[in-house]
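See structure below.
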Number of protein chains: 2
Amino acid sequence: MSEIHTLLASPQPEGARERKRRETRQRIAEVALRLFLAQGYHGTTLDVIAEEAGISRRTFFSYFKSKDDIIMFGLEADWASMIDDLLKTSPDVAPINAIRDLMVRRIERHNTAQMQAIDKLMLSSESLLARKQSFYIKQEQLLFSALCEVWRQPERRPALRMLAMMSIGAMRIALQAWRESTDPNKTVSSFILDAFNCVRAEL
Amino acid sequence: MSEIHTLLASPQPEGARERKRRETRQRIAEVALRLFLAQGYHGTTLDVIAEEAGISRRTFFSYFKSKDDIIMFGLEADWASMIDDLLKTSPDVAPINAIRDLMVRRIERHNTAQMQAIDKLMLSSESLLARKQSFYIKQEQLLFSALCEVWRQPERRPALRMLAMMSIGAMRIALQAWRESTDPNKTVSSFILDAFNCVRAEL
DNA sequence: CATTAAAATGCACTCAGTGCAAACATTAAT
DNA sequence: ATTAATGTTTGCACTGAGTGCATTTTAATG
């Protein structure tokens, strides 16, 4: 019974236990990111992270299942909220426009310097880079599910599947172009719009 | 000078050294795959693989840079040949058709049972799964480069970039649909064709 | 056969990650 | 307030991947 209650009443008390847990998790992530940026990913051991965060090495693993997960954790949360927004969209809008606008809005809320830093960090670890790319594909699945929720006609499903793939792909390409761009005046958003126009041009 | 000679004369003697090295690499890969299928990925240690392959544990790392790499190795070689074929294509053909046909032809040369087995194997390791997906994205880059070689007009580049993304994406989706399909009569190729038609329908 | 360079090996080490059981804190119930 | 139940932290000992280094083995060449 208490389970059901918890599920239904999510914006609720939040006992001291949950709060502390959330805080610790956050602290680990912050400490780790700081150390990664200062001494590199491989140059930072879990022992040091645990120590700086004021927990034991063993306890670290009750918050993250691996070193890589510290970085992934931030990304996941961020995307979840975009999908939530998508679910509130009216089915009268063209899906591709809905996605494009949400992506642009989402990315404009970001600290680009931090994005660059994390991005660079990823390049220093094969496994981390792989997980980032793997993450894009997971997002594609989530996006597809969300699209199907909003635009419910079964006959559109295959097209929506492709659309999810193209949208995430366009974003990936846009971010890559931005990262490699030498012109500091071009914003991330402008690259996103370009990429979507390019898909559109062929659609 | 001997370097240049070696470079120019690649289909050449192949000394006993190179042959042996190639054979050993192959043997390790085969042994490892057999063991993975029999006892699972995590259930197979590098010690056992090395022993079965008749080498020392340390030597393993002079053939593969990680355990994951054993699996990746096979995939890379396979794709390289497809890219080679693409480079021989006439620029008069529509690029999307060229890619589609090459993919279908390539996949039809494959042992589907083995494909399924490797696929299932990947699911048992997070890192391996991540690397597979990462691999797709690397292929996308290679494919894009190859497309630019054949269809050289600079103004087509952005479209070709998107095309590379969509092609790899379509293949990914096709393979996924095939993997999840319950109908044993539908071939992998048919799924690929469906996926490409779906892209085409929107193009 | 002697020389030289590549490849294989053993050894000792670091670090990520896990299982287990004991200690500790929090919550709810009596 | 005491107790019981439950969740969290910790230490310890272990496995397994991956690396650096010094040594030995093996193949290629004059």
Side-chain angles (χ1 to χ4, degrees), chain A residues 1-3 5-6 9 12-28 31-32 35-36 39-73 124-131, chain B residues 1-3 5-6 9 12-28 31-32 35-36 39-73 124-131:
Chain A
M1 192 185 81
S2 75
E3 294 174 20
H5 180 261
T6 312
Q12 269 299 306
E14 183 192 48
R17 207 167 232 166
E18 278 134 341
R19 200 201 57 245
K20 197 184 161 201
R21 211 174 152 71
R22 196 173 37 73
E23 283 170 359
T24 303
R25 199 184 172 84
Q26 190 60 38
R27 195 172 63 250
I28 297 174
V31 161
L35 291 171
F36 288 159
Q39 349 214 274
Y41 186 73
H42 292 296
T44 310
T45 66
L46 293 184
D47 288 275
V48 176
I49 295 173
E51 177 157 16
E52 288 283 299
I55 56 168
S56 79
R57 202 185 104 80
R58 192 64 187 80
T59 299
F60 168 86
F61 290 102
S62 102
Y63 284 94
F64 296 95
K65 55 179 212 314
S66 72
K67 195 180 175 184
D68 289 355
D69 269 30
I70 306 172
I71 301 288
M72 289 305 145
F73 168 58
S124 70
S125 160
E126 280 244 5
S127 68
L128 209 42
L129 187 60
R131 290 208 48 185
Chain B
M1 190 188 79
S2 74
E3 294 174 22
H5 180 263
T6 311
Q12 269 299 304
E14 183 192 49
R17 206 165 234 168
E18 277 133 343
R19 200 201 58 245
K20 196 184 162 203
R21 210 174 153 71
R22 198 173 36 73
E23 283 170 358
T24 303
R25 197 182 173 84
Q26 190 61 37
R27 194 173 61 252
I28 298 174
V31 161
L35 291 171
F36 288 159
Q39 350 215 277
Y41 186 73
H42 293 296
T44 309
T45 66
L46 292 184
D47 288 274
V48 176
I49 295 174
E51 176 157 15
E52 288 283 297
I55 56 169
S56 78
R57 201 185 105 80
R58 191 68 187 76
T59 298
F60 168 86
F61 289 102
S62 100
Y63 284 94
F64 297 95
K65 56 178 211 313
S66 72
K67 194 179 175 184
D68 288 356
D69 268 31
I70 307 172
I71 301 289
M72 290 304 144
F73 169 58
S124 70
S125 158
E126 280 242 5
S127 69
L128 208 43
L129 187 60
R131 290 208 48 186

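Numbers restart at 1 for each chain; the letters A, B, ... are given by sequence-line order, proteins then strands. Remember, predicted model here, so these are calculated numbers, not experimental data.
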Exercise. Compare all side-chain heavy atoms of A:Y63 with those of A:I70 and state whether any distance is below 4.5 angstrom.
Key: no
Quiz item: Which letters describe nucleotides 13-19 of chain D, given B = protein heavy atom under 4.0 Å from base, S = only from sugar-phosphate, - = neither?
Solution: ---SBBB
Quiz prompt | Contacts of B:R22 that satisfy salt bridge (Lys or Arg N to Asp or Glu O under 4.0 Å) - sequence neighbours left out | solution = B:E14
Quiz item: Can you pull the contact range of chain A along DNA chain C, 5' to 3', using atoms under 4.0 angstrom from its heavy atoms?
Solution: C:dC15 to C:dT27
Exercise. Using a cut-off of strictly less than 4.0 Å, decide whether A:S56 has a side-chain nitrogen or oxygen near OP1 or OP2 of D:dT10.
Key: yes
Contact list (N/O, under 3.5 angstrom) for nucleotides 26-30 of chain D vs protein:
unit_1: D:dA28; atom_1: OP1; unit_2: B:A16; atom_2: N; d: 2.9
unit_1: D:dA28; atom_1: OP1; unit_2: B:R17; atom_2: N; d: 2.9

Practice problem: Tell me, please, which residues at least two apart from B:S124 pass side chain to side chain donor-acceptor pair (under 3.5 Å). | Solution: none
Quiz prompt | All salt bridge (Lys or Arg N to Asp or Glu O under 4.0 Å) counterparts of A:E52, not counting sequence neighbours | solution = A:R34
Quiz prompt | Test side chain to side chain donor-acceptor pair (under 3.5 Å) applied to A:S62 - qualifying residues, sequence neighbours left out | solution = none
Quiz item: Checking all strands, does A:T59 fall into the base, sugar-phosphate, or nothing category for heavy-atom contacts under 4.0 angstrom?
Solution: base
Quiz item: Do A:R27 and A:E23 sit within salt-bridge range, that is, some charged N less than 4.0 Å from a carboxylate O?
Solution: no
Quiz prompt | With sequence neighbours excluded, residues passing side chain to side chain donor-acceptor pair (under 3.5 Å) with A:D69 | solution = A:K65, A:S66, A:R131
Practice problem: Return the angle between end axes of the helix from C:dC1-D:dG30 to C:dT30-D:dA1, with five pairs used per end and rounding to 10°. | Solution: 10°
Quiz item: Residues two or more places apart in sequence or in another chain: which of them pass ring pair (Phe, Tyr, Trp, His ring centres under 6.0 Å) with A:F64?
Solution: A:F60, A:F73
Quiz item: Can you name the residues that form a side chain to side chain contact (heavy atoms under 4.5 Å, CB included) with B:R17, not counting sequence neighbours?
Solution: none
Quiz prompt | 4.5 Å side-chain heavy-atom contact, B:M72 and B:L128 | solution = yes
Practice problem: Using side chain to side chain contact (heavy atoms under 4.5 Å, CB included) as the criterion, list what pairs up with A:S127, not counting sequence neighbours. | Solution: A:D68, A:S125
Practice problem: Tell me what A:F64 touches on the nucleic acid: a base, only sugar-phosphate, or nothing, going by heavy atoms under 4.0 Å. | Solution: nothing
Quiz prompt | Spacing of CD1 belonging to A:I55 relative to OG1 belonging to A:T24, to within rounding of 0.5 Å | solution = 7.5 Å
Quiz item: More than 12 heavy atoms of other residues, nucleotides or ligands under 6.0 Å from CD of A:Q39: is that the case?
Solution: yes
Quiz item: Are A:Y63 and D:dT8 close enough that a side-chain N or O sits under 4.0 Å from OP1 or OP2?
Solution: no
